[in-house]
Number of protein chains: 2
Amino acid sequence: MVKPAPRRVTIVDVARHAQVSTTAVSKVLRNAYGASPAMRAKVQQAMTELGYRPHAAARGLRGQTYTIGVMLPELRNLFFADILDGITAQLGDTDYQVLLAPGCNGEKAEARVIDAMIDRSMDGLVLIAPVSARSRLNEVARTVPTVVVGRHGSSPAYDTVTDDDIAGAALVVDHLVSLGHRRIAHIEHHETDRVRLAEMPNAQRARGYRDAMIAHGLEDEIDIASTSYTHDGGHLGARQLLDRPRRPTAIFAGADVVALGALEAVAEAGLTVPGDISVASYDNSALASFGPISLTSVDQDGRQMGVDAARLLVDRITDRQRRTAQVTLSPTLVVRRTTAAVEAAQ
Amino acid sequence: MVKPAPRRVTIVDVARHAQVSTTAVSKVLRNAYGASPAMRAKVQQAMTELGYRPHAAARGLRGQTYTIGVMLPELRNLFFADILDGITAQLGDTDYQVLLAPGCNGEKAEARVIDAMIDRSMDGLVLIAPVSARSRLNEVARTVPTVVVGRHGSSPAYDTVTDDDIAGAALVVDHLVSLGHRRIAHIEHHETDRVRLAEMPNAQRARGYRDAMIAHGLEDEIDIASTSYTHDGGHLGARQLLDRPRRPTAIFAGADVVALGALEAVAEAGLTVPGDISVASYDNSALASFGPISLTSVDQDGRQMGVDAARLLVDRITDRQRRTAQVTLSPTLVVRRTTAAVEAAQ
DNA sequence: GTGAAAGCGCTAACAT
DNA sequence: ATGTTAGCGCTTTCAC
C-alpha cells in the first residue's frame, strides 16, 4: 500500500560523509575524550546534514540506552501523575527519555513489568509504591540502578523517596482534635503481609493515626474500618463506621478516593458534611481541591518526590558504588470545607 | 556498596547447556520452523534451568523487540486510561509489552517522544490524539506500524480508531431539545489550524453541535464560547455565556473537565444546576459519574477503542501491506442530574 | 588525537 | 532438521 521508509541513517553514513572513522563519530556522540574541536565540528555538521539520530537500542548493547523506566501501580491515581511530572521535569535537561510501564497491580504483574524493563536494558528504574518482596527489590537494584518511591524502610541496594506518612496522619488527627473532635475514625487499606505492614504507606498512615490518637489520650476512641484504598472501599468503610452504636464525628480516610466513597455513603445516610460529620483524607489530589468537593487533605508534594527520585537515580547511574540515600519529605495539611468544629455536629 | 548481579544468561549459555547450536535456541524462542519436538523440549528445559530471559533490545537489532509504544498527550485525562486498559487487555495474551511515553503536549514534545520510540525500535506505535501534522504522521507510519486514535480523517499509511464526535454532539443537543431547551450554548476548544479543524475531536464536536442546532431549526440560537478544554477554559467560557444579554438555558461543554469549570462559574453566579441552567458534557469520565457531580455526559467506550487499536496494530505488524482501516465507534449519552426540563428554569 | 577491529545478544541467510 | 556464519548499530579496547 505504502512504500517503506528509506533505510535509517547510521553512524557509518555519518562517518563516510564526514570523511572520518566511525570511532570518531561515536566519540562526538558521547562527548568522549579524544576528538579535536575541528573533528567535532565536522562530525556534527554531517549529523545535522544527514538528519542522523542515534539508535538507542543499539547503543544499549554496549553502553547506555538513555532510557529511564518508571513503574506505576495505577494510572488513575492522579498523585502518581505529579510524581511523574517531577521526574520528567528533572530529566528534561538530560539526554534521558522516560518510558512508563502501565498498570501493574499485584506482585506477579509487577514482576513481569520489571523484567520487561530490564530486558529492554533501561539505564535506571523508578519503582513507585512497588508491592514486591524486599529481596526481589534488592535483586532488581543489583541488576540496574533503582530508586523506590513511596515505600518506607532502607536498603543497601536502592535509594528511597518517601513521604512521612506517620507525620501526615498526625496532622489530620491534630487538626480534628483542635476542632473538638474525639470520636475520630479511620478507614485503612487492609494489609496482612508483615513486611508491607512496616513499609507500605497505607500501613504507616494507620500507625500514624493510632499513635496520634494515643498522644492525645484518645486511645479508647481508636476505631478503624479495614477495607481498601478505593472508592468502594471508602463507601463500605464509611457505612460500617456510621452503623456503630457511637457514631464517629470525624472520619480520616487514607486516600482521597476513599474519602469520595465515604462522602457518598454519608450522603446516602442522610447526613451532611461537615455539619454532621467531618471527613479528611490523604493525597490532596485534583479531586480534593475541586470546588464542590473541597476536601481537607494531606498534601504530599508528589512533584518534589519525583524530582528527588530522578536526581538520586541519575546520581546512582553515575556512581553505582555510592551509599544509598533515603529522602523523606514532610507533608502539609490543606484545610478545606469538609472539616469543621465538632459543636456543629452536636 | 553492593556486589553487582552476575552476568546475564544469554542464548550462548542456553545452547551450551542444552548441547545444541544458538540457532536452535533462537528457533525455539521464536517458535520458528525447523526444530524437532525433542530439541524443543531440550532447549526449553535448559532455558528454565538457567532462568534465561531473551534480551529484547538485542533481538530488536535484527528482528522484533516485542514492544508497543503508546503516546498519550496527558496522563491526567482519565479517558486515556480507559483506552490504555483496552490496549493492554487485548495485548495481554501476546508477547508484546506496552510502554508509555508520558505527557507530550505540543507538537514539538510530541515529535521528540515519537522519535524516542522509533529510536528504541518499537514494533508498533499507538498515537492517542496526536497534534502533529498529517504529513509527519504519514512519515512515522512509513517507518513503523502505527495506529492513530481519536483523530478523524483517513490515511494510506496508518489505521485509525475514532469516536463519532459529530453524532455525540448531536446526542447532547437532541437530549436538551427534547427537554424543551432552545438557547443551548457550547464551550469549545479554540482551534485555528485548518487540518486540525477537520481532524481533531474538539472541532468535530463543535461542528456536530452546529449541525444539530441547524437540524432542529435553532440556527439563530447557536452560541459558542471559544476557550480551551481545561477546567479554567470551562470557567471562563461559562462566565462569558452567563454574561450574555439572553443567557442560555443549557450549556454543552466539550469535555467533562470543561463542565466542572463551568459548574463552578455557574455556582459563583448564584445559579443552580439544573434548576437555572442545564449542563452536559463529553467523555463520561470518572468525574462525571461521581455522585455529587453526576454529570450528563457522552460516553465514548475508551476501552473498546483501545481494544480495536491494539488489534489493528498487531494486524499491521503481521502484514504491513494490508490496506488501512478506519474504525468509528458510536457514542451514547448518559443522562444524569445536571440536565432537566427547561420549564424548571423559567 | 585518530582509526582498525572485536564484540554486545540475537536473527537470518545459507550451507549441510 | 541442524549448524555455520555474517551481520544489526553502536561502543570499546588497543594499536598507531
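In this text the structure is predicted, and so the values were computed from the model without any measurement.
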Colleague: For a quick check of understanding: with a heavy-atom distance under 4.0 Å over all strands, which category does A57(B) fall into, base, sugar-phosphate or nothing?
Modeller: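 Contact class for A57(B): none.
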Colleague: Test: salt bridge (Lys or Arg N to Asp or Glu O under 4.0 Å). Region: residues 86-108 of chain B. Which pairs qualify, not counting sequence neighbours?
Modeller: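 Pairs touching residues 86-108 of chain B that pass the test: E107(B)-R196(B).
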Colleague: Under the side-chain contact (heavy atoms from CB on, under 4.5 Å) rule, collect the residues that match up with P102(A), sequence neighbours excluded.
Modeller: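 So P102(A) forms a side-chain contact (heavy atoms from CB on, under 4.5 Å) with L84(B), T88(B), V98(B), L100(B).
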Colleague: R16(B): which residues meet the salt bridge (charged side-chain N to carboxylate O under 4.0 Å, His left out) condition with it, sequence neighbours left out?
Modeller: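 Partners of R16(B) by the salt bridge (charged side-chain N to carboxylate O under 4.0 Å, His left out) criterion, ordered by chain and then number, come out as D13(B).
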Colleague: From CD1 of I118(B) over to C1' of dG9(D), roughly how many Å is that when rounded to an integer?
Modeller: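 Between C1' of dG9(D) and CD1 of I118(B): 16 Å.
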Colleague: Give me each pair satisfying salt bridge (Lys or Arg N to Asp or Glu O under 4.0 Å) with a member in residues 109-130 of chain B, each pair once, sequence neighbours excluded.
Modeller: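 Applying salt bridge (Lys or Arg N to Asp or Glu O under 4.0 Å) to every pair that reaches into residues 109-130 of chain B, excluding sequence neighbours, yields R8(A)-D119(B), R53(A)-D115(B), R53(A)-D119(B), D115(B)-R136(B).
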Colleague: To the nearest 10°, give me the bend of the helix from dG1(C)-dC16(D) to dT16(C)-dA1(D), comparing the axes of its five terminal pairs at either end.
Modeller: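 That helix gives 40° between its end axes.
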Colleague: Could you identify which residues of residues 36-43 of chain A place a heavy atom less than 4.0 Å from some atom of DNA chain C, listed by residue number, or say none?
Modeller: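 The stretch gives S36(A), M39(A) as the residues lying under 4.0 Å from the strand, ordered by number.
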Colleague: Residues in side chain to side chain donor-acceptor pair (under 3.5 Å) with Y158(A), at least two apart?
Modeller: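 With sequence neighbours excluded, Y158(A) shows a side chain to side chain donor-acceptor pair (under 3.5 Å) to no residue whatsoever.
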Colleague: Going 5' to 3' along nucleotides 9-16 of chain C, which nucleotides have protein heavy atoms under 4.0 Å from the base (write B), which only from the sugar-phosphate (write S), and which from neither (write -)?
Modeller: BBBBB---
Colleague: Output a table of donor-acceptor pairs, distance under 3.5 Å, between side-chain atoms of residues 305-312 of chain B and any protein atom two or more places apart or on a different chain; print 'none' if there are none.
Modeller:
residue	atom	partner	partner atom	Å
D308(B)	OD1	Q304(B)	NE2	3.3
D308(B)	OD1	R311(B)	NH2	3.0
D308(B)	OD2	Q304(B)	NE2	3.4

Colleague: Tell me, please, which residues at least two apart from D163(A) pass salt bridge (charged side-chain N to carboxylate O under 4.0 Å, His left out).
Modeller: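 Salt bridge (charged side-chain N to carboxylate O under 4.0 Å, His left out) list for D163(A), sorted by chain: empty.
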Colleague: Quick one: list whatever passes side chain to side chain donor-acceptor pair (under 3.5 Å) with R30(A), sequence neighbours left out.
Modeller: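 Partners of R30(A) by the side chain to side chain donor-acceptor pair (under 3.5 Å) criterion, ordered by chain and then number, come out as S26(A).
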Colleague: What I want to find out is whether D159(A) reaches R322(A) closely enough, with some N-O distance under 4.0 Å, to be called a salt bridge.
Modeller: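 The answer is yes: the pair qualifies as a salt bridge.
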Colleague: Which residues pass the salt bridge (charged side-chain N to carboxylate O under 4.0 Å, His left out) test with R303(B), not counting sequence neighbours?
Modeller: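 Counting only residues at least two positions away or on another chain, R303(B) forms no salt bridge (charged side-chain N to carboxylate O under 4.0 Å, His left out).
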Colleague: Between C1' on dT11(D) and CG on D123(A), what's the gap in Å once rounded to a whole number?
Modeller: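 So the two atoms are 14 Å apart, to the nearest Å.
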